[in-house]
Amino acid sequence: MAGGFDKLKVEFIDQDESVQVVADTIGSSGEIPERYVRPEMEADPVIIDTDGYNLLVIDMSRLINPEFSEEEIAKLGSACEDWGFFQLVNHGVDGELLQQIKDDITEFFRLPLQEKMSVAIPPNGLQGFGHHFVFSKEQKLDWVDLLFLTTRPVEDRSTDFWPTKPPTFRDSLDKYSLEIANVSAKLFKFMAINLGVDEEALLAAFKPEQPQSVRINHYPPCSQADKVLGLSPHTDGVGMTLLLQVNDVQGLQIRKDGRWFAVKNLPGALVVNVGDVLEILTNGKYKSIEHRAVINPDKERITLAAFQSVPLSGTVGPLQELLMKGEACYKTVDGAEFTKGYFAAKLEGRRYLESLKLGV
């Protein structure tokens, strides 16, 4: 998604039902509403290693240390080319800030529904509390309540949708968004080195605004967890996603070679993944991988995903420096067209990304 996408006209169906309320209503033995039942959960390929797959671990302290940087940059490139996901440790985000943002998010989702609805997503809107990608009254729904906010640039924020409860929420999210912007800028620099292009080449694609948004997810437990999905299989229509586990409940799965792999998050790490924009910018060298979220039968799962996007006024296409070594594998489109196409694909796997490939 390009930054400022909330300014585009997006046709969504109003969906004001809270999944937490549904979960509380059905309890441990009730019937799951048909709109949440996902038959594909039974038909999908077998999950490999349900205890959790360990992604490559990238150490930011080694990336910035001249003694270890070359080795760690090569490891970073390998992670982006093979799995498109990695876990980032020693990322430099203040530990007290991380705990504060986790506490604030947890407290927000524990508020009564009426208070959370004070920042509800408006009809055809994107920011606020509620649901995304609801295009019809017949489609299957994800087992999740979310809070979606534009965080950067600061002047693009719609603070009407920023919760005032708990009272520290706005300040901690403001600080966290800046920290994540700095982390992502460093990663783009090291990725550029790995690709053999100018250090600022990747980051330049996201300037001048370097748009960022966050999606804060609350996945209530479900006693029939094998029948529902927290988040449908999709790729991220952004440059890069940095995921923070707010609590210790696992649920992220990645599709590779037609099979699903459960990811085991390391405590304190950020899970970083390549988005569609970065795959296109790198002309397919880095991979935007399909992923989904599954539900725990006994415990809630809460996550905070920060998306680094391109401006609507920007362009999405392979870097010219990389095209000196071969032909473009993807079309070049403007940021607004890219965003419209991504939403039109209705969060269906890699469908939109594949449509931008040349010679297919």
Could you check if a side-chain atom of [X] sits within less than 4.5 angstrom of a side-chain atom of [Y], using non-hydrogen atoms only?
{"X": "D276", "Y": "D236", "result": "no"}
{"X": "V277", "Y": "V238", "result": "no"}
{"X": "M60", "Y": "V183", "result": "yes"}
{"X": "I254", "Y": "W83", "result": "yes"}
{"X": "F307", "Y": "F148", "result": "yes"}
{"X": "L98", "Y": "L244", "result": "yes"}
{"X": "I289", "Y": "T235", "result": "no"}
{"X": "Q127", "Y": "I121", "result": "no"}

Does either side chain, that of [X] or that of [Y], offer a donor lying less than 3.5 Å from an acceptor on the other one?
{"X": "Q139", "Y": "R35", "result": "no"}
{"X": "Y36", "Y": "Q224", "result": "no"}
{"X": "S232", "Y": "R38", "result": "yes"}
{"X": "N296", "Y": "E300", "result": "no"}

Side chain to side chain donor-acceptor pair (under 3.5 Å) contacts touching residues 58-67 (sequence neighbours left out)
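Qualifying pairs, neighbours excluded: D59-S61, D59-N90, R62-E71, R62-E72.
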Nearest-0.5 Å distance, [atom1] of residue [X] to [atom2] of residue [Y]:
{"X": "Q87", "Y": "K264", "atom1": "CD", "atom2": "NZ", "result": "10.5 Å"}
{"X": "L203", "Y": "Q308", "atom1": "CG", "atom2": "CD", "result": "9.5 Å"}
{"X": "F169", "Y": "T164", "atom1": "CZ", "atom2": "OG1", "result": "10.5 Å"}
{"X": "S288", "Y": "Y352", "atom1": "OG", "atom2": "OH", "result": "13.0 Å"}
{"X": "F85", "Y": "K287", "atom1": "CZ", "atom2": "NZ", "result": "14.5 Å"}
{"X": "L278", "Y": "L202", "atom1": "CG", "atom2": "CG", "result": "6.0 Å"}

Using atom types as modelled, flag every donor-acceptor pair under 3.5 Å from a side chain in residues 189-198 to any protein atom, sequence neighbours excluded.
{"from": "N194", "atom 1": "OD1", "to": "Y286", "atom 2": "OH", "distance (Å)": "2.7"}
{"from": "D198", "atom 1": "OD2", "to": "E200", "atom 2": "N", "distance (Å)": "2.9"}

Nearest heavy atoms of [X] and [Y], plus distance in Å:
{"X": "P220", "Y": "A23", "answer": "CB-CB, 4.0 Å"}
{"X": "I295", "Y": "A225", "answer": "O-CB, 3.3 Å"}
{"X": "I280", "Y": "K331", "answer": "CG2-O, 4.3 Å"}
{"X": "G268", "Y": "H91", "answer": "O-NE2, 2.8 Å"}
{"X": "V263", "Y": "Q250", "answer": "O-OE1, 3.4 Å"}
{"X": "I180", "Y": "L270", "answer": "CD1-CD1, 3.9 Å"}

Indicate, with yes or no, if [Y] and [X] share a hydrophobic cluster defined by side-chain heavy-atom contacts under 4.5 Å among Ile, Leu, Val, Met, Phe, Trp and Tyr.
{"X": "L113", "Y": "I216", "value": "yes"}
{"X": "M240", "Y": "L178", "value": "no"}
{"X": "L147", "Y": "V249", "value": "no"}
{"X": "L111", "Y": "L149", "value": "yes"}

Measure from the side-chain N and O atoms of [X] to the backbone N and O of [Y], and report whether any donor-acceptor pair falls under 3.5 Å.
{"X": "K175", "Y": "L97", "value": "no"}
{"X": "N283", "Y": "C329", "value": "yes"}
{"X": "Q245", "Y": "N247", "value": "yes"}
{"X": "R292", "Y": "R255", "value": "no"}
{"X": "Q212", "Y": "T150", "value": "no"}
{"X": "S69", "Y": "P66", "value": "no"}
{"X": "R157", "Y": "T151", "value": "yes"}
{"X": "D145", "Y": "Q20", "value": "yes"}
{"X": "R152", "Y": "A181", "value": "no"}
{"X": "R170", "Y": "T159", "value": "yes"}

Ring pair (Phe, Tyr, Trp, His ring centres under 6.0 Å): which pairs involve residues 212-232, sequence neighbours left out?
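Listed once each, the pairs are F109-H218.
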Would you say that more than 12 heavy atoms from the other residues, nucleotides or ligands in this model lie under 6.0 Å from the CD of E70, or not?
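Not more than 12 within 6.0 Å, no.
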Should we count NZ of K227 as having more than 12 external heavy atoms under 6.0 Å?
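Atom NZ in K227 is not crowded, with 12 or fewer foreign heavy atoms closer than 6.0 Å.
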Name each donor-acceptor pair under 3.5 Å that joins a side chain in residues 101-108 to protein atoms two or more places apart or in another chain, with its distance.
{"from": "D103", "atom 1": "OD1", "to": "Q99", "atom 2": "NE2", "distance (Å)": "2.9"}
{"from": "D104", "atom 1": "OD1", "to": "Q100", "atom 2": "NE2", "distance (Å)": "2.9"}
{"from": "D104", "atom 1": "OD1", "to": "T168", "atom 2": "OG1", "distance (Å)": "2.6"}
{"from": "D104", "atom 1": "OD2", "to": "Q100", "atom 2": "NE2", "distance (Å)": "3.3"}
{"from": "D104", "atom 1": "OD2", "to": "T168", "atom 2": "OG1", "distance (Å)": "3.1"}
{"from": "D104", "atom 1": "OD2", "to": "S172", "atom 2": "OG", "distance (Å)": "2.6"}
{"from": "T106", "atom 1": "OG1", "to": "K102", "atom 2": "O", "distance (Å)": "2.8"}

Stepwise side-chain contact (heavy atoms from CB on, under 4.5 Å) test for V214 and L304:
CA-CA 7 Å; V214 298; L304 165 56; 3.7 Å; yes
Side-chain cluster (under 4.5 Å, hydrophobic types only) that V89 belongs to, other residues
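Grouped by the 4.5 Å side-chain rule, V57, L266 form the rest of the cluster around V89.
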Q253/H291 under side-chain contact (heavy atoms from CB on, under 4.5 Å): CA gap, chis, key distance, verdict:
CA-CA 6 Å; Q253 296 183 349; H291 51 285; over 6 Å; no
Salt-bridge criterion met for E279 and R350 (N-O under 4.0 Å):
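Answer for the salt bridge query: yes.
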With the threshold set at 4.0 Å, does a side-chain nitrogen-carboxylate oxygen contact exist between K357 and E354?
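Yes, charged N to carboxylate O under 4.0 Å.
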side-chain contact (heavy atoms from CB on, under 4.5 Å) for L88 and L187? Distances and angles first, verdict last.
CA-CA 10 Å; L88 185 68; L187 288 174; 4.0 Å; yes
What pairs meet the salt bridge (Lys or Arg N to Asp or Glu O under 4.0 Å) rule with one or both residues in residues 241-252, with sequence neighbours excluded?
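Pairs touching residues 241-252 that pass the test: none.
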Salt bridge (Lys or Arg N to Asp or Glu O under 4.0 Å) between E290 and K256, intermediate numbers included
CA-CA 8 Å; E290 199 172 351; K256 186 169 175 62; over 6 Å; no
L281 vs V316, test: side-chain contact (heavy atoms from CB on, under 4.5 Å). Steps then yes/no.
CA-CA 7 Å; L281 287 172; V316 178; 5.7 Å; no
